[in-house]
Student: 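Before anything else, here's the structure in question.
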Amino acid sequence: MHNKRTVIEMRNITKVFPGVRALDNVSFYVKEMQIHALVGENGAGKSTLAKILAGIQNQDHGDILLDGKIIDIHNSRSAQKLGIGMVFQEISLIPTLSVAQNLLLAHEPDLFNIIVNKNRLLSEANIYLSKVGLKIDPNRKLQDLGIAEQQLVALARALSFQPRILILDETTSSLTSKETNHLFSILKTFKSNGGSVIYISHRLNEIFEIADHITVLKDGLLIDSDSVEKFTIDLLVQKMVGQKIKKSVRRNISINNEVLRINNLSLRGLFNDVNMFLKEGEIVGIAGLVGSGRTEIAEAIFGIRSFDTGNIEVYGKSQRKVNPILSIKNRMGFIPENRHLHGLCLGLSIQKNIIMASLKRLFPKGFIFPKQEKETTQRFIEKFSISSQSKSRPVRFLSGGNQQKVVMAKWLCSESKIFIFDEPTRGIDVKSKSEIHQLINQLTISGAGILLISSELPEIISLCDRVYVMKEGKIVAECCGNDIQERNILNYMLGANNEV
Ligand SMILES: Nc1ncnc2c1ncn2[C@@H]1O[C@H](COP(=O)(O)OP(=O)(O)OP(=O)(O)O)[C@@H](O)[C@H]1O
Ligand SMILES: [Mg+2]
């Protein structure tokens, strides 16, 4: 076998943010035709490293070499020119523009024509969309798409610049297995055409499926970098977190009164005649492909999205109006898929974000007691090991996974009784994921009912008592007991005519 050429080399890269050494003298290389996985706990420094390569951030020390020559990546444009493309962990496109406009933004040579010729804009957009297997109308505004679809648009855009090096930061974190498989086939083609991929993911089984090489970071330090055959999942976890992970066990509890019922809920074009119920102590899953209406239903139940017909009953009482304020009053909590849009106030501190949905309960008179605020939030910060140097810094500066943990903490702190979790472990590392699974189980033991949307079927299967399967806006199956199996659920998700 001939020896593959090194394409990118990072030499002694250090990056310090106020109070934290995000990268500490990190060196490794990426070869041609290599899918190089970058793994590590939340806050380990993966995104920072990727952003340095993509020209979004500058290293404080160290060199980057491309084809053996030291290069200077000043901004994202120069990264693009050097053939480096990236799909960011947090969506970086423009929400108010259409899919087509986002795709072709800054493709300057063509821009003039495109402005003149709208048909051309749409047909070019369609070409890029079909490459990533996305069947959507390019005229739709980006903000109207789900996170997974937005990520695929971002991937289509990155590919449209025909990069040599493609960096994917948690791109599969809200994709189901079908879309992930499609992504993997794109990556394999990209690789066989000589490309290199830097692949960041907390889904470790995916890493073993797709990667040739693994680099492990921990607290900004390089722990190991070796070919995938040198690792097993256990060994990898050991290197990432330095300890064994507890497996979540099925709890045995009694399921009691009904807390939530959804009758014939419909919203044109998004979901149709949906019926569901949820009891105290129950964890009920909603499975389905990206775009099947899972998130839209959850948003309608909490009152972020309206619906055309049907009704929602909370504790047996039909709700005349549904909006987030009433839902919080009804002790309902919602952990949204899109934490930047609905979950967090990015400019506020970790503490303020955690306490936000509990202010009325904790401080009914309207005066906030800082000591109580600190004590209450500290419990959650420790429970979730939310890593940050200072609790009073804006959550904007937290790593993606740590931001997700703050959203979880906010709703757990609110002591709600009905929870809707939409991809609760999206972008969360293995250790915190098992903590969150245990917490979800504990919540039901204390009487809460939980609706759980997850793109990871193993998560649904290990946690849920019942599972609704959605396809194209409709519930196509309800699985209980022994029927809750991966193959079963996949069959319903895809419909009888598809191969699993
Ligand atoms: N712009 C910034 N300002 C201040 N601190 C930052 C900034 N960006 C990242 N950090 C800090 O640098 C550290 C590394 O963050 P990074 O986003 O690289 O982690 P990560 O490995 O991508 O984690 P995750 O798995 O949660 O996405 C974290 O402690 C984070 O809080
Ligand atoms: Mg990250």
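Computed from heavy atoms alone, side chains included, the values below leave out hydrogens, waters and symmetry copies. Given the structure is predicted, the values throughout are model-derived calculations rather than measurements. As the structure lists them, so they are numbered: ligands from 1, and atoms in each ligand from 1.
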Student: Of all the heavy atoms in H202, does at least one lie under 4.0 Å from an atom in ligand 1?
Tutor: yes
Student: Side chains of I136 and V99: closer than 4.5 Å at any heavy-atom pair?
Tutor: yes
Student: Between E41 and K431, is there a donor-acceptor pair closer than 3.5 Å when you use the side chain of the first and the backbone of the second?
Tutor: no
Student: Would you say ligand 1 has an N or O under 3.5 Å from any N or O of G43?
Tutor: yes
Student: Look only at interatomic distance and state if F17 has a nitrogen or oxygen under 3.5 Å from any nitrogen or oxygen of ligand 1.
Tutor: no
Student: Run the numbers for me: atoms of ligand 1, each under 4.0 Å from some heavy atom of N42, listed by number.
Tutor: 23 (O), 24 (P), 25 (O), 26 (O)
Student: Ignoring hydrogens, just give me the one of S47, G220, G45 whose non-hydrogen atom is nearest atom 22 (O) of ligand 1.
Tutor: S47
Student: Are more than 12 heavy atoms from other residues, nucleotides or ligands located less than 6.0 Å from atom CZ of R11?
Tutor: no
Student: Step through the shown structure and confirm whether more than 12 heavy atoms of other residues, nucleotides or ligands are within 6.0 Å of CZ on F184.
Tutor: yes
Student: More than 12 non-hydrogen atoms from neighbouring residues, nucleotides or ligands closer than 6.0 Å to CD on Q162, yes or no?
Tutor: no
Student: Between S455 and E423, do the side chains contain an N or O donor and an N or O acceptor separated by less than 3.5 Å?
Tutor: yes
Student: Could you label the plane-to-plane angle of the F28 and H36 rings as parallel, tilted or perpendicular, counting under 30° as parallel and over 60° as perpendicular?
Tutor: tilted
Student: What I want to know is whether R393 and ligand 1 share at least one N or O pair that is separated by under 3.5 angstrom.
Tutor: no
Student: Does any pair with a residue in residues 194-215 pass salt bridge (Lys or Arg N to Asp or Glu O under 4.0 Å), and if so which ones, sequence neighbours excluded?
Tutor: K191-D212, R203-E206, R203-E456
Student: Please work out whether any backbone atom (N, CA, C, O) or any side-chain heavy atom from C-beta onward of V20 is under 4.0 Å from ligand 1, and answer side chain, backbone, both or neither.
Tutor: side chain
Student: Provide the number and element of each atom of ligand 1 under 4.0 Å from a heavy atom of A44.
Tutor: 19 (O), 20 (P), 21 (O)
Student: Less than 4.5 Å apart, any side-chain heavy atom of E296 and any of R305?
Tutor: yes
Student: Is the count of non-hydrogen atoms from other residues, nucleotides or ligands lying under 6.0 Å from K383 atom NZ greater than 12?
Tutor: no
Student: Based purely on interatomic distance, does F397 place a nitrogen or oxygen under 3.5 Å from a nitrogen or oxygen of ligand 1?
Tutor: yes
Student: Looking at ligand 1, does any of its N/O atoms fall within less than 3.5 Å of an N/O of P18?
Tutor: no
Student: Which of the atoms in ligand 1, numbered in the order shown and given with their element, are less than 4.0 Å from a heavy-atom of G401?
Tutor: 24 (P), 26 (O), 27 (O)
Student: In ligand 1, which numbered atoms sit nearer than 4.0 Å to a non-hydrogen atom of Q89?
Tutor: 27 (O)
Student: Roughly how far, to the nearest 0.5 Å, is the CE atom of M240 from the CD1 atom of I214?
Tutor: 10.0 Å
Student: Can a salt bridge be assigned to the pair K141 and D144 using a cut-off of 4.0 Å between side-chain N and carboxylate O?
Tutor: no
Student: Please report the number of protein N, O or S atoms that lie less than 2.8 Å from the Mg ion (ligand 2).
Tutor: 2
Student: Would you mind running through ligand 1 and noting each atom that sits below 4.0 Å from a heavy atom of G400?
Tutor: 26 (O), 27 (O)
Student: Does E170 reach ligand 1 with a nitrogen or oxygen that is under 3.5 Å from one of the ligand's nitrogen or oxygen atoms?
Tutor: no
Student: Salt bridge check: are E435 and K433 linked by an N-O gap of less than 4.0 Å?
Tutor: no
